[in-house]
Amino acid sequence: MEKALKNYNNDNVIYTNQFAIIAFIVMIVFKIAMLPSYMYDTVGRDSWIVIGILMAVEGIMFFITLYIVRRINLLKDNNKWLYAFHIVMYVYSMIRLVTLYAGLITYTSSSLFDQGRIDFIIIAFALVIPYLASKGGNTIARLFEMMFYFIMAILIVMVLTPSFKADFSELTPIFGGNNEKLGNGFVDFSVWFGDYVPLLYFTVKKNRNKILEKTSVPLAVVGAVVGIIVFYVAFIAVYGEAGGLVYFAFNRMSVFNTLSDLLGATNFLSILVWIIMSILQITLLFFTTCNALSCIIKNKIIAIVINIIAISAIEMFWVKNLENAHNFAIGYVKYFVIICEFAIPLAMFIYTKWCKKEKV
C-alpha cells in the first residue's frame, strides 16, 4: 500500500473509454436494487417516467463533467479557493457513501447468508475497499474496465434467458389519478443520483482509437439511460401494485418471475454481478472521500485511515441497515445533496473557464 500511496495523486489520469465504462456501471448499479421499490412506494406506476427524466438529466451532467476533467486536474491544483470545494465534496461524498454502502452491506448479508453477521461483512469490506482506493484512480479505472466485460457477459445471459410474465397495462394510465407525491419522486432519492460528481477528481485524456474517443461516452450514457427505463418498465409490468414490496429488484427481476413465486426468485448470477458492480462504486466513492480529505489535511495515509474508521463505525453502530440509511437519505439531507449535484459541476465548469482565461 505504501508504494501505491506514492503515486496516489498522479495516478488519476484515465482514457475516455475508461470514463465511459465507469459512467455506465455507476449509473445503473444502485438504481436497480432498492430504489425501484422505494420509488414505486412514492410515485407508483409513474416511477418509470420519473426515473427516465432523472436519468436524462444525469446523462447530460456526465457530458459536462467530461468537459471539465479533460481540462483540469483538481488533485494537482493548489488554488486556495478549492479548499471550499474539497470540503463540500467530502461532506457530499460521505453522505452518499454512508447510504449506498449500507445498501451493499444489507444486500450481501441478506442474499448470501441466512442470518448474515453484518459486523463481519463490514470488516471484510474494510480490508478490501481502502486497499483498492489506495492504488489510485488509474488502477480503479482499469478495474472497472476489466470487470466490465465480465459484467456484460452475465447481463447478456440474464437478458437472453428470462421467464417473462408481464402485464403492461400496469403502466397505464400515465400520470393518472391524483398523485400528490409525484414531486417527491424528483427530490427524495437524490442520494441515488449524482454519480458523475466523483469523476471530477479524475483527469481524462484522449484515446488513440478515434472511434472509441468519439462514441464510447455517448453509447455508455445512452445505454445506461435506456437500460434503466426498460428495467423499470419491466419491473412495474411484472409486479404491478406489489412493486413496493419487492426489495432488491435486480435480484428478483433477474429471472422475471411473478408474484406467485414469493415475489421473485433469487439468481446466483444476479447476486454475483450486482455485488461486483456495487463494490466498484463504493470503492470509487471511498476514493472520492479520501481525495477530498487528503487535499484538506495534506496527508493521504491519514485520510484513508480516518475514512475507513469513520465509515465502518457509522455503518456498524449507527446505520446498521439500509432502511435506517434510507430514512436518513430522505430527510433534510436530501436538499443538501441535490444542491451539490448541480452546484458542484456548475462551479467547476466556471472554474475551468476561468483557468482557461488565466492561461491565455
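For the single chain, residues carry numbers from 1 onward in sequence order.
- You'll find the side chain of Val98 reaches within 4.5 Å of the side chain of Ile311, heavy atoms only.
- Considering CD1 of Ile22 and CE of Met27, their distance stands at 13.5 Å, rounded to 0.5 Å.
- Taking CZ of Arg208 as the reference point, atom NZ of Lys210 lies at 13.0 Å (rounded to 0.5 Å).
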Show me the donor-acceptor pairs, under 3.5 Å and distance only, between side chains in residues 223-235 and residues at least two apart or in other chains.
from: Tyr232; atom 1: OH; to: Lys31; atom 2: O; distance (Å): 2.6

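- The line from NZ of Lys206 to CG of Leu212 is 14.5 Å long, rounded to the nearest 0.5 Å.
- The aromatic rings of Tyr196 and Phe62 sit perpendicular to each other, their planes meeting at more than 60°, with 30° as the lower class boundary.
- Annotation: side chain of Ser134 is in contact with side chain of Tyr131 (closest heavy-atom distance under 4.5 Å).
- Trp274 has its ring centre less than 6.0 Å from the ring centre of Phe30.
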**Request:** Could you walk me through whether Phe144 and Phe24 pass side chain to side chain contact (heavy atoms under 4.5 Å, CB included), step by step?
**Result:** CA-CA 10 Å; Phe144 268 89; Phe24 177 81; over 6 Å; no
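- No close placement of the Tyr90 and Phe85 rings is indicated, their centers lying 6.0 Å or farther apart.
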**Request:** Tell me, with the steps shown, if Thr203 and Asn73 meet side-chain hydrogen bond (donor to acceptor under 3.5 Å, both in side chains).
**Result:** CA-CA 6 Å; Thr203 300; Asn73 186 329; 3.3 Å; yes
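- Interatomic distance, CD1 of Ile304 versus OG1 of Thr289, reported as 9.0 Å (0.5 Å rounding).
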**Prompt:** When you look at Met277 and Ile151, which way does the side chain to side chain contact (heavy atoms under 4.5 Å, CB included) test go after all the steps?
**Reply:** CA-CA 8 Å; Met277 290 192 296; Ile151 290 168; 3.3 Å; yes
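- Taken from SG in Cys355 to CG in Asn79, the straight-line distance is 7.0 Å, to the nearest 0.5 Å.
- A donor atom on one side chain and an acceptor atom on the other are not found under 3.5 Å apart for Asn207 and Gln18.
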Atom pairs and distances, side-chain donor-acceptor, residues 325-347, under 3.5 Å, sequence neighbours left out:
from: Asn327; atom 1: ND2; to: Glu323; atom 2: O; distance (Å): 3.2
from: Lys334; atom 1: NZ; to: Asp188; atom 2: OD1; distance (Å): 2.5
from: Glu341; atom 1: OE2; to: Tyr92; atom 2: OH; distance (Å): 3.4

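- Contact detail for Ser216 and Asn17: the closest heavy-atom pair is OG-CA, 3.6 Å.
- Considering only heavy atoms from C-beta on, Met61 stays 4.5 Å or farther from Asp195 through its side chain.
- Cation-pi contact between Arg70 and Tyr67: absent, since separation from the ring centre below 6.0 Å together with deviation from the ring axis within 45° is not met.
- Here the options are Leu82, Leu75, Ile87, the test is side chain to side chain contact (heavy atoms under 4.5 Å, CB included), and the partner is Cys295; only Leu75 passes.
- When each of Ile51, Ile49, Val43 is paired with Ser47, the side chain to side chain contact (heavy atoms under 4.5 Å, CB included) condition holds for Val43 and for no other.
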**Message:** Assess the residue pair Met348 and Val69 against the criterion (side chain to side chain contact (heavy atoms under 4.5 Å, CB included)); give the C-alpha distance rounded to whole Å, side-chain angles, the decisive distance to 0.1 Å, and a yes or no.
**Reply:** CA-CA 9 Å; Met348 288 302 99; Val69 297; over 6 Å; no
**Prompt:** Given the rule in the side chain to side chain contact (heavy atoms under 4.5 Å, CB included) test, do Trp192 and Tyr38 qualify, once you have shown the distances and angles that lead to the verdict?
**Reply:** CA-CA 11 Å; Trp192 273 265; Tyr38 290 146; 4.0 Å; yes
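- Annotation: the span from Leu280 atom CG to Ile21 atom CD1 amounts to 11.0 Å, rounded to 0.5 Å.
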